[in-house]
Asks: 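Before we start, here is the structure in question, set down as structure tokens.
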Amino acid sequence: MRLSNRILKELAASAGIYSIGVTSADPLYHLESRLKRRILENRITAFEESDPALRINPAHLLPGCKSIITIVIPYYSPLQTQVAFPGPRGSVAACARGLDYHRVVEGIAEKLTRLVEKESAGFGSFRILTDRSPLVERELARISGLGIIGENCTLINPCFGSYVVLGTILTDFEIEEDTPCDSNCLGCGGCRGVCPTGALIEPYILDPFRCLSYLTQASGIFPRQFRHLLGNRIYGCDSCQEVCPHNADSAYTTYPELLFHFFPKEPMLLSLLRITNSEFNQTIAMTSAGWRGKTTIQRNAVIAIGNSKDIDAVKPLTQILENDPRYLIRLHVAWSLGSIGGEKAKFALNKSLCNDPTPEVRVEARYALDHWNSSIK
């Protein structure tokens, strides 16, 4: 079955999609060596498919697949006015402020497939995928003419820069392919220079286990050597995108679901530590950060408070250290109190060292006290 590329794009425009491209479903054999290198260098995270064969061949996901449609959805929006309140604030990456982009992309892609089905009298098979897909979506977008790959490994769209998310639609329709962009990343090195942890180890090579965006999403204990470098980030990191010259004139999103911020750019950190499950479900859980759950977000907020050095935060942190049933939160509170310092923080840490039931928390309290003692010598 065939479908005109022109008709597809007319239908896409009526579905509210303004950046769409098509490539064939041929396996991406040219990526195989790069994917194997990532495995050898231990740069595969738990969030991605580890088998290169599944990452390069769409036939594993839709038998009979002939074409891949890729759509680009911009998410960057103007900052919203915030009421001034005292106390430290965090920082939330732009992709996690509006409604969960997975839901937005899937809804828009479903609308397009319904239009195509109507146009083709019900013929055709489709499978919609977002960034949970094993396929290398950024490369599919590149060869579909939707942008270039930057040295920071992001897709850079000509209109929206790198502030975009992707969706792919696998189909058994044969559709005329689009032409890849003929431009390249400027290669200025700004993204690598600004990366707080040096995660961009060379152009186009990212160590995800040093990337703050990954670390804010990974569960468990936040690596101690990166806590100070986290700054006030509580979900994601936009540093490499903020300095990218390709983003200087990026257009804002027009999707209303992404314009409203369920998770503000700079949330109040102490309030975030007191958020109830109901409040979380009505706000942060509505965004792409929500999947990670309240504990991980609060763990990051605790670290950010420590980095703020706000002495007024010692009292609420002490209360959490004494009363919170989650050892993971108490552990990071111990580090945070050590980072802030002061006699009241020291008293709370000594008390935790004697009374906390969890060995890992006591170890962190010991580390914080040793760090505090060495810092005043």
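What's counted below: heavy atoms across the whole structure, side chains too, no hydrogens, waters or symmetry copies.
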Asks: State the CZ-CD1 distance between R89 and I234, to the nearest 0.5 angstrom.
Replies: 11.0 Å

Asks: Would you confirm whether T358, through its side chain, and V361, through its main-chain N or O, come within 3.5 Å as a donor-acceptor pair?
Replies: no

Asks: Side-chain donor-acceptor contacts of residues 202-210 below 3.5 Å, not counting sequence neighbours, with atom names and distances?
Replies:
from: D207; atom 1: OD1; to: F209; atom 2: N; distance (Å): 3.0
from: R210; atom 1: NE; to: T197; atom 2: O; distance (Å): 2.8
from: R210; atom 1: NH2; to: T197; atom 2: O; distance (Å): 2.6

Asks: Strictly distance-based, threshold 3.5 Å: is any side-chain N or O of Y255 a donor or acceptor partner for the main-chain N or O of G16?
Replies: yes

Asks: Applying side-chain hydrogen bond (donor to acceptor under 3.5 Å, both in side chains), can you list everything that pairs with S50, at least two apart in sequence or on another chain?
Replies: none

Asks: A side-chain contact here means heavy atoms from C-beta on lying under 4.5 Å apart; do L349 and K346 qualify?
Replies: no

Asks: For residues Q282 and S278, is any side-chain donor paired with an opposing acceptor at under 3.5 Å?
Replies: yes

Asks: Keeping S352 on the side-chain end and A348 on the backbone end, is there a donor-acceptor pair under 3.5 Å?
Replies: no

Asks: Please check this pair: side chain of E49 against backbone of D51, looking for a donor-acceptor N/O pair closer than 3.5 Å.
Replies: yes

Asks: Do you see a donor-acceptor pair shorter than 3.5 Å between the side chains of H332 and Q298?
Replies: no

Asks: Under a 3.5 Å cutoff, is there a donor and acceptor pairing between the side chains of H261 and S77?
Replies: yes

Asks: Measuring from I143:CD1 to T23:OG1, what's the distance to the nearest 0.5 Å?
Replies: 3.5 Å

Asks: Checking Y367 against W335 for the side chain to side chain contact (heavy atoms under 4.5 Å, CB included) test, could you report, in this order, the C-alpha distance in whole Å, the side-chain angles of both residues, the deciding distance, and whether it holds?
Replies: CA-CA 8 Å; Y367 171 84; W335 179 89; 4.0 Å; yes

Asks: In chain order, what residues pass the salt bridge (charged side-chain N to carboxylate O under 4.0 Å, His left out) check against R233, with sequence neighbours excluded?
Replies: none

Asks: Would L146 and L166 count as a side chain to side chain contact (heavy atoms under 4.5 Å, CB included) here? Give the steps.
Replies: CA-CA 10 Å; L146 295 177; L166 306 174; 5.6 Å; no

Asks: Not counting sequence neighbours, which residues clear salt bridge (charged side-chain N to carboxylate O under 4.0 Å, His left out) with D178? List them please.
Replies: K9

Asks: I'd like to know if the side chain of T287 and the backbone of D100 have a donor-acceptor N/O pair within less than 3.5 Å.
Replies: no

Asks: Is it true that a side-chain atom of R138 and a backbone atom of C153 form a donor plus acceptor pair closer than 3.5 Å?
Replies: yes

Asks: Rounded to the nearest 0.5 Å, how far does CD1 of I17 lie from CG of L112?
Replies: 4.5 Å

Asks: Do Y235 and W291 have ring centres separated by under 6.0 Å?
Replies: no

Asks: Okay, side chain of R127, backbone of L61: is any donor-acceptor separation there less than 3.5 Å?
Replies: yes

Asks: Using atom types as modelled and distance alone, determine if a side-chain donor or acceptor of S133 lies under 3.5 Å from a backbone N or O of L129.
Replies: no

Asks: Holding to salt bridge (charged side-chain N to carboxylate O under 4.0 Å, His left out), I want the full list of residues that pass it with E360, two or more places apart in sequence or in another chain.
Replies: none

Asks: Examine distances only and state if a side-chain atom of S239 and a backbone atom of V194 form a donor-acceptor pair shorter than 3.5 Å.
Replies: no

Asks: Roughly how far apart are L269 CG and N232 CG, rounded to 0.5 Å?
Replies: 7.0 Å

Asks: If only side-chain N and O atoms count, and only distance matters, is there a donor-acceptor pair under 3.5 Å linking K309 with S339?
Replies: yes

Asks: Indicate yes or no: at least one non-hydrogen side-chain atom of Y75 is less than 4.5 angstrom from one of Y101.
Replies: no

Asks: Looking at G150, is its backbone amide N or carbonyl O close enough to the side chain of T154 to form a donor-acceptor pair, meaning the two atoms are under 3.5 Å apart?
Replies: no

Asks: Mind checking side chain to side chain contact (heavy atoms under 4.5 Å, CB included) for F123 and listing every partner two or more places apart, or none if nothing turns up?
Replies: M1, S120, A121

Asks: Output yes when E364 and R227 qualify as a salt bridge under the 4.0 Å nitrogen-oxygen rule, no when they do not.
Replies: yes

Asks: Please determine, by modelled atom types, if S162 and N157 share a side-chain donor-acceptor pair under 3.5 angstrom.
Replies: no

